[in-house]
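A quick write-up on the structure given underneath.
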Amino acid sequence: MNNPLQNQDKITFASLENGEASILFIEATHTVAEAARIHQTSPVCTAALGRTLIAAAMVAARNKDDRASVTVSINGGGPIGKLTAVSDGKTVKGTLGANRLELPLREDGKLNVGAAVGKDGFLTVVKDLRMKTPYVGQTELISGELAEDFAYYFATSEQQPCLVSLGVLVSGDTVLSAGGVMIAPMPGCSEKTIENLEMRSMFCADISRELSYDPAAVLIEKWFEGMQPQILDTQPLEYRCNCSRYKMEAALLSLGKKELQGILEDEQEGAELVCHFCHKKYHFNDADIRGLMQREEAEDDTAV
């Protein structure tokens with residue numbers, strides 16, 4: 001029987017040495033390719049947005065409540081502007097400031113994500129855990145290359161020391177492979193296991209290139225041979241936006257009555273709202289806007 005996850009992006013959860021260490025491995029080639037298609041990104045922008053999407057999914061996948069969601073914001077002062085990604089651990093969506101940025105390659109021939117993002121700023125994680133107030137964690141950016149920045153976030157805000165690797169391999173406008181891995185020692189992890197992890201960390205340094213040859217399950221077996229690697233679970237991952245006309249109506253109403261009246265008095269017919277995450281357009285004509293205003297007034301009267 002075919003595995004339904006075989007031809008999809010997915011998140012793989014695994015353990016080493018009978019639970020002394022955990023692995024969270026993300027395969028995200030199709031997810032990042034869809035983001036690149038939607039946002040029409042240049043190679044360095046694809047890499048930066050892709051790494052942000054993968055990391056956001058990584059943070060969200062650690063949540064125990066399936067209804068929880070995570071919003072990651074990165075603003076390092078670089079020319080790419082602000083990067084934002086939202087994930088519930090199974091889906092992810094994102095946006096960025098500049099989509100067609102072009103920069104010289106690094107000395108090692110790789111895309112200069114660090115220069116695009118910058119490091120004069122912060123990485124902010126907002127977790128909606130279905131409680132009264134969301135959890136907010138914020139750390140300074142270390143390099144702007146993002147993998148090191150997220151490792152610092154996990155160690156500082158979630159008290160989880162770990163190794164994080166993020167990668168997006170592109171050729172022109174084509175995403176060849178993309179993925180990320182988080183390897184973390186668990187409480188009670190032996191010094192021997194930690195030393196073993198440190199020695200093998202070099203294997204996942206260029207994760208996107210590794211994923212272009214082998215899937216996560218094969219890489220886990222190969223990299224951690226002799227450390228009792230065990231696949232615990234897998235779950236699908238995809239780029240998906242949950243915008244709707246109803247949400248856009250709420251966005252219009254949030255402008256206030258005065259602003260909506262100004263739209264009606266404008267010579268242009270109605271208003272068009274565009275979703276930042278998927279670029280879907282929602283048109284509201286003058287009659288739609290009047291109807292929204294009347295509905296809001298009726299709800300206000302009912303509340304009084």
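Numbering starts at 1 and runs along the sequence shown.
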Are L166 and F203 linked, directly or through other ILVMFWY residues, by side chains that come within less than 4.5 angstrom of each other? no

What's the separation between atom NZ in K110 and atom CD in E107, rounded to the nearest 0.5 Å? 13.5 Å

With rounding to the nearest 0.5 angstrom, report the CD to CD distance, Q235 to Q8. 12.0 Å

One should read off an interatomic distance between I142 CD1 and Y152 OH, to the nearest 0.5 angstrom, of 5.0 Å

Identify the two heavy atoms, one from A28 and one from D9, that lie closest to each other, and give their separation to 0.1 Å. C-OD2, 3.2 Å

Heavy-atom count check: over 12 atoms from other residues, nucleotides or ligands less than 6.0 Å from E140 CD? no

When you compare the side chain of I220 with that of F25, does any pair of heavy atoms fall below 4.5 Å? yes

Side-chain donor/acceptor of E148 to backbone N/O of E145, under 3.5 Å: no

Might you point out which heavy atoms bring G179 and L211 nearest each other, and give the distance in Å? CA-CD1, 3.6 Å

Note, W223 side chain near E210 side chain (heavy atom, < 4.5 Å): yes

Distance-only side-chain donor-acceptor flag, T193 / E20, under 3.5 Å: yes

Treating R209 as the side-chain partner and L169 as the backbone partner, does any N or O pair qualify as donor plus acceptor under 3.5 Å? no

Compare all side-chain heavy atoms of F224 with those of I183 and state whether any distance is below 4.5 angstrom. yes

Connected via hydrophobic side-chain network under 4.5 Å: V181 and V32: no

Is the shortest side-chain heavy-atom distance between R51 and I54 below 4.5 Å? no

Can a donor-acceptor pair be found, under 3.5 Å and without considering hydrogens, that links the side chain of N112 to the backbone of L105? no

Taking it one step at a time, do M58 and V164 satisfy side chain to side chain contact (heavy atoms under 4.5 Å, CB included)? CA-CA 10 Å; M58 191 176 285; V164 176; 4.2 Å; yes

Distance from L237 atom CG to K90 atom NZ, nearest 0.5 Å? 10.5 Å

Measure from the side-chain N and O atoms of D128 to the backbone N and O of P134, and report whether any donor-acceptor pair falls under 3.5 Å. no

Run the numbers on T46 and T41 for side-chain hydrogen bond (donor to acceptor under 3.5 Å, both in side chains), then give the verdict. CA-CA 5 Å; T46 298; T41 44; 2.6 Å; yes

Could you check whether any side-chain N or O of N99 sits under 3.5 Å from a backbone N or O of H39, counting only pairs where one atom can act as donor and the other as acceptor? yes

CD-OG distance between E259 and S254, expressed to the nearest 0.5 angstrom: 10.0 Å

Check for a donor-acceptor pair, side chain of S22 on one end and backbone N or O of S15 on the other, with a separation under 3.5 Å. no

What are the two closest non-hydrogen atoms of P43 and G172, and how far apart are they? CG-O, 3.4 Å

Is a donor on one side and an acceptor on the other found under 3.5 Å between the side chain of E195 and the backbone of S190? no

Does R67 CZ have over 12 foreign heavy atoms under 6.0 Å away? no

pair Y135-V126: side-chain heavy atoms closer than 4.5 Å: no

Provide the closest heavy-atom pair for I207 versus S165 in the form atom of the first, atom of the second, distance. CG2-OG, 3.5 Å

Residue pair E272 / Y282, side-chain donor-acceptor N/O under 3.5 Å: no

Are any side-chain N or O atoms of N63 and backbone N or O atoms of D65, one a donor and one an acceptor, separated by less than 3.5 Å? no

Do T124 and S73 have side-chain atoms, one donor and one acceptor, less than 3.5 Å apart? no

How about NE2 on H279, more than 12 heavy atoms from neighbouring residues, nucleotides or ligands closer than 6.0 Å, or not? yes

So, does D149 use its side chain to make a donor-acceptor pair with the main chain of S143 at under 3.5 Å? yes

How about CD on E225, more than 12 heavy atoms from neighbouring residues, nucleotides or ligands closer than 6.0 Å, or not? no

Examine the side chains of S171 and T174 and answer whether a donor and an acceptor come within less than 3.5 Å of each other. no

Given side chain to side chain contact (heavy atoms under 4.5 Å, CB included), test F284 with M248 step by step and report yes or no. CA-CA 9 Å; F284 295 86; M248 292 299 176; 3.9 Å; yes

Chi angles and distances behind the side chain to side chain contact (heavy atoms under 4.5 Å, CB included) call for V70, V125: CA-CA 7 Å; V70 166; V125 174; 3.9 Å; yes

Any side-chain heavy atom of Y239 sitting closer than 4.5 Å to one from T91? no

To the nearest 0.5 Å, how far apart are CG in L111 and CG in L103? 9.5 Å

Less than 4.5 Å apart, side chain to side chain, heavy atoms only: is that true for E238 and V92? no

Go through the steps for E34 and K93 under the test salt bridge (charged side-chain N to carboxylate O under 4.0 Å, His left out), then give the verdict. CA-CA 10 Å; E34 178 66 2; K93 60 184 179 180; over 6 Å; no

Identify the two heavy atoms, one from L49 and one from A35, that lie closest to each other, and give their separation to 0.1 Å. CD2-CB, 4.1 Å

Using a cut-off of 6.0 Å, state whether more than 12 heavy atoms not belonging to R200 lie near its atom CZ. yes

Is the backbone N or O of N285 less than 3.5 Å from a side-chain atom of D288, with the two atoms forming a donor-acceptor pair by type? yes

How far apart are the closest heavy atoms of I194 and P185, and which atoms are they? CG1-CB, 4.4 Å

So do R62 and L24 actually touch side chain to side chain, heavy atoms under 4.5 Å? yes

Derivation and outcome, side chain to side chain contact (heavy atoms under 4.5 Å, CB included), residues F122 and N75: CA-CA 6 Å; F122 296 90; N75 198 340; over 6 Å; no

